[in-house]
Peer 1: 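Next up is a structure, given as structure tokens.
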Amino acid sequence: MSPKFTPVSDMTYTQAVAEIEEILRMMQSDTLDIDLLAAYTRRATELLSECRRRLTDTDRELQTILNPQK
């Protein structure tokens with residue numbers, strides 16, 4: 001039985017971070033079923049990757065706005 005996750009592309013940055021925090025809480029409190037550990041680890045990795053991508057994209061956009069080419 002594998003958990004059903006919302007596609008990362010359908011999530012806001014804030015939702016992704018909240019889900020990462022929830023996964024970490026489950027892992028730290030030992031409430032995560034060992035049979036689902038790999039699925040949640042993959043999910044957390046996917047969420048982290050997407051959050052990094054969005055932060056990098058936003059940083060580039062802000063740099064373009066704040067330092068326009070003359």
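All residue numbers in this chain count up from 1 along the given sequence. It should be emphasised that the depicted structure is a prediction, and the values quoted were computed from it without experimental measurement.
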Peer 1: When rounded to the nearest 0.5 angstrom, what distance separates OH in Tyr40 from CG in Asp33?
Peer 2: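 So the gap between those two atoms works out to 9.5 Å.
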Peer 1: Below 4.5 Å, heavy atoms only, C-beta onward: do Leu47 and Ile23 meet side chain to side chain?
Peer 2: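 When only atoms from C-beta onward are counted, Ile23 and Leu47 do touch, with a gap below 4.5 Å.
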Peer 1: Test of understanding: with side chain to side chain donor-acceptor pair (under 3.5 Å), list the residues that count as partners of Ser29, not counting sequence neighbours.
Peer 2: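 Once residues adjacent in sequence are excluded, the partners of Ser29 under the side chain to side chain donor-acceptor pair (under 3.5 Å) criterion are Thr31.
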Peer 1: Less than 4.5 Å apart, side chain to side chain, heavy atoms only: is that true for Thr58 and Tyr13?
Peer 2: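 Side chain of Thr58 against side chain of Tyr13, heavy atoms only: no contact under 4.5 Å found.
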Peer 1: Among all residues two or more places apart in sequence or in another chain, which pass the side chain to side chain donor-acceptor pair (under 3.5 Å) test with Asp59?
Peer 2: none
Peer 1: Treat each ILVMFWY residue as a node, draw an edge where side-chain heavy atoms are under 4.5 Å apart, and state whether Leu62 and Leu55 are in one component.
Peer 2: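 No, Leu62 and Leu55 fall in different hydrophobic clusters.
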Peer 1: Could I get the full list of salt bridge (Lys or Arg N to Asp or Glu O under 4.0 Å) partners for Arg53, not counting sequence neighbours?
Peer 2: Glu50, Asp57
Peer 1: Between Val17 and Met26, is there a shared hydrophobic cluster once you connect ILVMFWY residues whose side-chain heavy atoms come closer than 4.5 Å?
Peer 2: no
Peer 1: Mind listing the closest non-hydrogen atom pair of Met11 and Thr6 along with its distance?
Peer 2: CG-CG2, 3.8 Å
Peer 1: Do Arg43 and Val8 come within less than 4.5 Å of each other through their side chains, counting heavy atoms only?
Peer 2: yes
Peer 1: Any side-chain heavy-atom pair from Leu37 and Met27 closer than 4.5 angstrom?
Peer 2: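 The answer is yes, as the side chains (C-beta and beyond) meet within the 4.5 Å cut-off.
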Peer 1: Would you say Phe5 and Glu19 make side-chain contact, with heavy atoms under 4.5 Å?
Peer 2: yes
Peer 1: OG1/Thr56 to CZ/Arg52 distance, rounded to the nearest 0.5 angstrom?
Peer 2: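 Answer for the OG1-CZ pair, Thr56 versus Arg52, is 9.0 Å.
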